[in-house]
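First comes the structure, then the notes that go with it.
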Amino acid sequence: MSDWSHLEDFRVVRLNAVLSQMSQYERDRFREHHLHPFEVEANTPSTIIPRVSDCDAIFVVSTALPEGVIESLSRCRVISRLGTGTDKIDVDAATRKGILVTNVPTFCVEEQADHTMALLLALHRKLPQMSAAMASGAWNKARRQASTNQRLDGRVLGLVGFGNSARAVAKRARGFGIRVVATRRNMDAPTEAAEELGVEMMGLEDLLEKSDDVSLHLPLTDETYHLLDETMLRKMKPGAYLVNTSRGAIVDENALVELLREGTLAGAGIDTFEGIDVFVEEEKSPDHPLLSLDNVILSPHVGAISVQAMQDVTDGGIGNAAAVLSGYWPPAEHLVNPGIAPRFPLTEREE
């Protein structure tokens, strides 16, 4: 086991102490690395800055770290995202300050794929409606609703994005006899993975027009914000289903609601939202039109969660920060801002 005792004196902060509480597994991993994080629940710059301005490392799950927070960091070496997406972190500001931003890119690949397929299956088999009908005794009505179900075998599933989670979905979909097509930002990228999975690559508009169901697997960036606006949503096949376990703001939610209400789209399964903030301490039913639709299945951004996934992200996130605090570069695939000039010198770790 590595000797991490040299990390004893570093000041580290673990944000989201209430909304995403540390498990015993995480506490044990911090202890093994001789790190003693200050547990903080703060979600606005004015409350975050006093807690982090003099820290050496920040661990964050869901709190936004905008430019003002980054600029306050007088000696921070690394922001370790305990997850994958970094759209809530001002990475450019961190890069200018010489602060490494790291993530765990392979986190929850299997879980996201499982959740995507669960939503797709539940939509096609109308499981929420069937369960509600059983609870109310409206069995004949439920059977009439079920009469419009479509079998999955032979349908076309379009994957918008073709990274790790999309490929894991493709593997699962093939087992149901589903034909899979996909698109991605760099259409000139190698196609070996797609060929091995029997996935046909095509442009986004072609994919929307040809797919019976569409699933999103993209990070949220300036380029992907509202990628599926009303114009693009209306290119989808009438009666198609949309599944989003990626980032809510990739879809124009108002346009989606309109198409679902008018019946142009048959339904949607959504785990991530633009207009509903599930990372708040006060739990109350939000005023959002998606909640009033009976052809939508919603889950509160839990597609990533399993015991195993939480352990993976803990190991990766703590490992990233421990490497940087020890004077080493983290694994290249875990570095969100490559090419950075770190404020403290780093060397490559010898294998």
Side-chain angles (χ1 to χ4, degrees), residues 16 19-20 23 60-62 81-89 102-124 127 152 157-176 178 180-185 193-194 196-197 199 204 207 211 213-221 224-225 227-228 241-251 253 256 267-274 276-279 290 296-317 333-334 336:
N16 305 112
L19 293 175
S20 298
S23 66
V60 60
V61 180
S62 59
R81 167 76 167 95
L82 297 173
T84 303
T86 54
D87 49 279
K88 291 185 177 182
I89 302 171
T102 64
N103 69 352
V104 186
T106 56
F107 160 63
C108 79
V109 168
E110 301 302 324
E111 286 74 15
Q112 187 179 356
D114 288 346
H115 205 75
T116 296
M117 291 304 299
L119 289 172
L120 191 63
L121 288 165
L123 287 166
H124 274 282
L127 294 188
L152 290 174
L157 172 62
L159 304 176
V160 182
F162 198 60
N164 292 326
S165 68
R167 294 173 190 177
V169 170
K171 292 178 183 178
R172 288 157 172 75
R174 289 181 62 189
F176 287 89
I178 296 171
V180 182
V181 300
T183 190
R184 57 186 166 193
R185 289 168 291 177
E196 289 176 5
L197 292 168
V199 175
L204 176 60
L207 179 143
S211 298
D213 307 297
V214 173
S215 181
L216 305 184
H217 300 271
L218 291 171
L220 178 60
T221 65
T224 62
Y225 176 78
L227 177 68
L228 294 192
Y241 288 105
L242 177 69
V243 174
N244 186 5
T245 59
S246 190
R247 284 292 184 265
I250 295 172
V251 181
E253 287 180 345
L256 176 62
I270 307 173
D271 185 56
T272 58
F273 309 90
E274 180 179 16
I276 303 175
D277 186 359
V278 299
F279 296 104
L290 282 173
V296 174
I297 301 175
L298 308 176
S299 56
H301 201 48
V302 295
I305 297 176
S306 74
V307 172
Q308 294 79 10
M310 294 301 101
Q311 292 177 352
D312 289 345
V313 81
T314 294
D315 292 339
E333 63 274 17
H334 291 198
V336 178

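Hydrogens, waters and symmetry mates are skipped; everything else that's a heavy atom, side chains included, is used.
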(message) Going by side-chain contact (heavy atoms from CB on, under 4.5 Å), name the residues that satisfy it together with Val336, two or more places apart in sequence or in a different chain.
(response) Thr86, Val91, Val101, Asn103
(request) Mark yes or no for whether Glu333, through its side chain, and Pro105, through its backbone, hold a donor-acceptor pair below 3.5 Å. (result) no
(message) Using every non-hydrogen atom in the two residues, find where Val251 and Leu216 come nearest and quote the distance to one decimal.
(response) CG2-CD1, 3.4 Å
(request) Rounded to the nearest 0.5 Å, what's the gap from OG1 on Thr183 to CG on Leu207? Could you check? (result) 6.5 Å
(request) Locate the shortest heavy-atom distance separating Leu159 from Ala166; write the atom from each residue and the value. (result) CD1-O, 3.3 Å
(request) Could you pull out the closest heavy-atom pair between Val104 and Gly317, with the gap in Å? (result) CG2-N, 3.5 Å
(request) Evaluate the criterion side-chain contact (heavy atoms from CB on, under 4.5 Å) for residue pair Leu82 and Thr314; output intermediate values, then yes/no. (result) CA-CA 7 Å; Leu82 297 173; Thr314 294; 5.8 Å; no
(message) Ignoring hydrogens, what is the shortest heavy-atom contact between Val180 and Ala170? Give both atom names and the distance.
(response) CG1-CB, 4.1 Å
(request) Under the side-chain contact (heavy atoms from CB on, under 4.5 Å) rule, collect the residues that match up with Phe176, sequence neighbours excluded. (result) Met117, Leu121, Leu152, Ile178
(request) Output all residues satisfying side-chain hydrogen bond (donor to acceptor under 3.5 Å, both in side chains) with Ser23, sequence neighbours left out; order by chain, then residue number. (result) none
(request) Determine yes or no for a side-chain-to-main-chain donor-acceptor pair under 3.5 angstrom, with Arg167 supplying the side chain and Phe162 the backbone. (result) yes
(message) Test of understanding: with side-chain hydrogen bond (donor to acceptor under 3.5 Å, both in side chains), list the residues that count as partners of Glu253, not counting sequence neighbours.
(response) His288
(request) Report the C-alpha distance between Leu220 and Thr272 in whole Å, list the side-chain angles of each, state the deciding distance to 0.1 Å, and finish with yes or no for side-chain contact (heavy atoms from CB on, under 4.5 Å). (result) CA-CA 11 Å; Leu220 178 60; Thr272 58; over 6 Å; no
(message) I need the Leu119 CG to His115 NE2 distance, nearest 0.5 Å.
(response) 4.5 Å
(message) Tell me if a side-chain donor or acceptor on Asn164 pairs with a main-chain N or O of Thr106 at a distance below 3.5 Å.
(response) no
(message) Using 0.5 Å steps for rounding, measure from the CG atom of Leu298 to the CZ atom of Phe273.
(response) 4.5 Å
(request) Can you sort out the partners of Ser246 under side-chain hydrogen bond (donor to acceptor under 3.5 Å, both in side chains), two or more places apart, ordered by chain and number? (result) none
(request) Hey, could you give me each pair passing salt bridge (charged side-chain N to carboxylate O under 4.0 Å, His left out) that has a residue in residues 102-113? Not counting sequence neighbours. (result) Glu110-Arg172
(message) Checking the side chain of Lys171 only, and the main-chain atoms of Leu197 only, is there a donor and an acceptor separated by less than 3.5 Å?
(response) no
(request) Output the distance between atom CD1 (Ile270) and atom OG1 (Thr245), rounded to the nearest 0.5 Å. (result) 11.0 Å
(message) Any non-hydrogen side-chain atom of Leu256 less than 4.5 Å from a side-chain atom of Val296?
(response) no
(message) List the residues meeting side-chain contact (heavy atoms from CB on, under 4.5 Å) with Gln311, not counting sequence neighbours, and say none if there are none.
(response) Tyr25, Val307
(message) Tell me every residue that passes side-chain contact (heavy atoms from CB on, under 4.5 Å) with Leu123, counting only those two or more places apart in sequence or in another chain.
(response) Tyr241, Val243, Ile297
(request) Quick one: closest heavy-atom pair of Asn244 and Gly248, and the distance? (result) ND2-CA, 3.8 Å
(request) To the nearest 0.5 angstrom, please state how far the OG atom of Ser62 sits from the CG atom of Asp277. (result) 8.0 Å
(request) Take Cys108 and Val313 through the side-chain contact (heavy atoms from CB on, under 4.5 Å) test and state the conclusion after the steps. (result) CA-CA 8 Å; Cys108 79; Val313 81; over 6 Å; no
(request) Using the test salt bridge (Lys or Arg N to Asp or Glu O under 4.0 Å), find all partners of Asp87 that sit at least two apart in sequence or belong to another chain. (result) Arg247
(request) Over all heavy atoms of both residues, which pair between Ala309 and Ala304 is shortest? Give the atoms and the distance, please. (result) CB-O, 3.3 Å
(message) Distance check, rounded to the nearest 0.5 Å: Phe107 atom CZ versus Gln112 atom CD?
(response) 9.5 Å
(message) Donor-acceptor pair, distance only, cut-off 3.5 Å: does the side chain of Arg184 make one with the backbone of Val160?
(response) no
(request) Using the test ring-ring contact (aromatic ring centres under 6.0 Å, His included), find all partners of His301 that sit at least two apart in sequence or belong to another chain. (result) Phe279
(request) Evaluate the side-chain contact (heavy atoms from CB on, under 4.5 Å) criterion for residues Val169 and Leu157: first the C-alpha distance (whole Å), next the side-chain angles of each, then the deciding distance (0.1 Å), finally the verdict. (result) CA-CA 10 Å; Val169 170; Leu157 172 62; 3.9 Å; yes
(message) So, using salt bridge (Lys or Arg N to Asp or Glu O under 4.0 Å) as the criterion, who are the partners of Asp271 when residues are at least two apart?
(response) none
(message) Tell me every residue that passes side-chain hydrogen bond (donor to acceptor under 3.5 Å, both in side chains) with His217, counting only those two or more places apart in sequence or in another chain.
(response) Ser165, Ser215
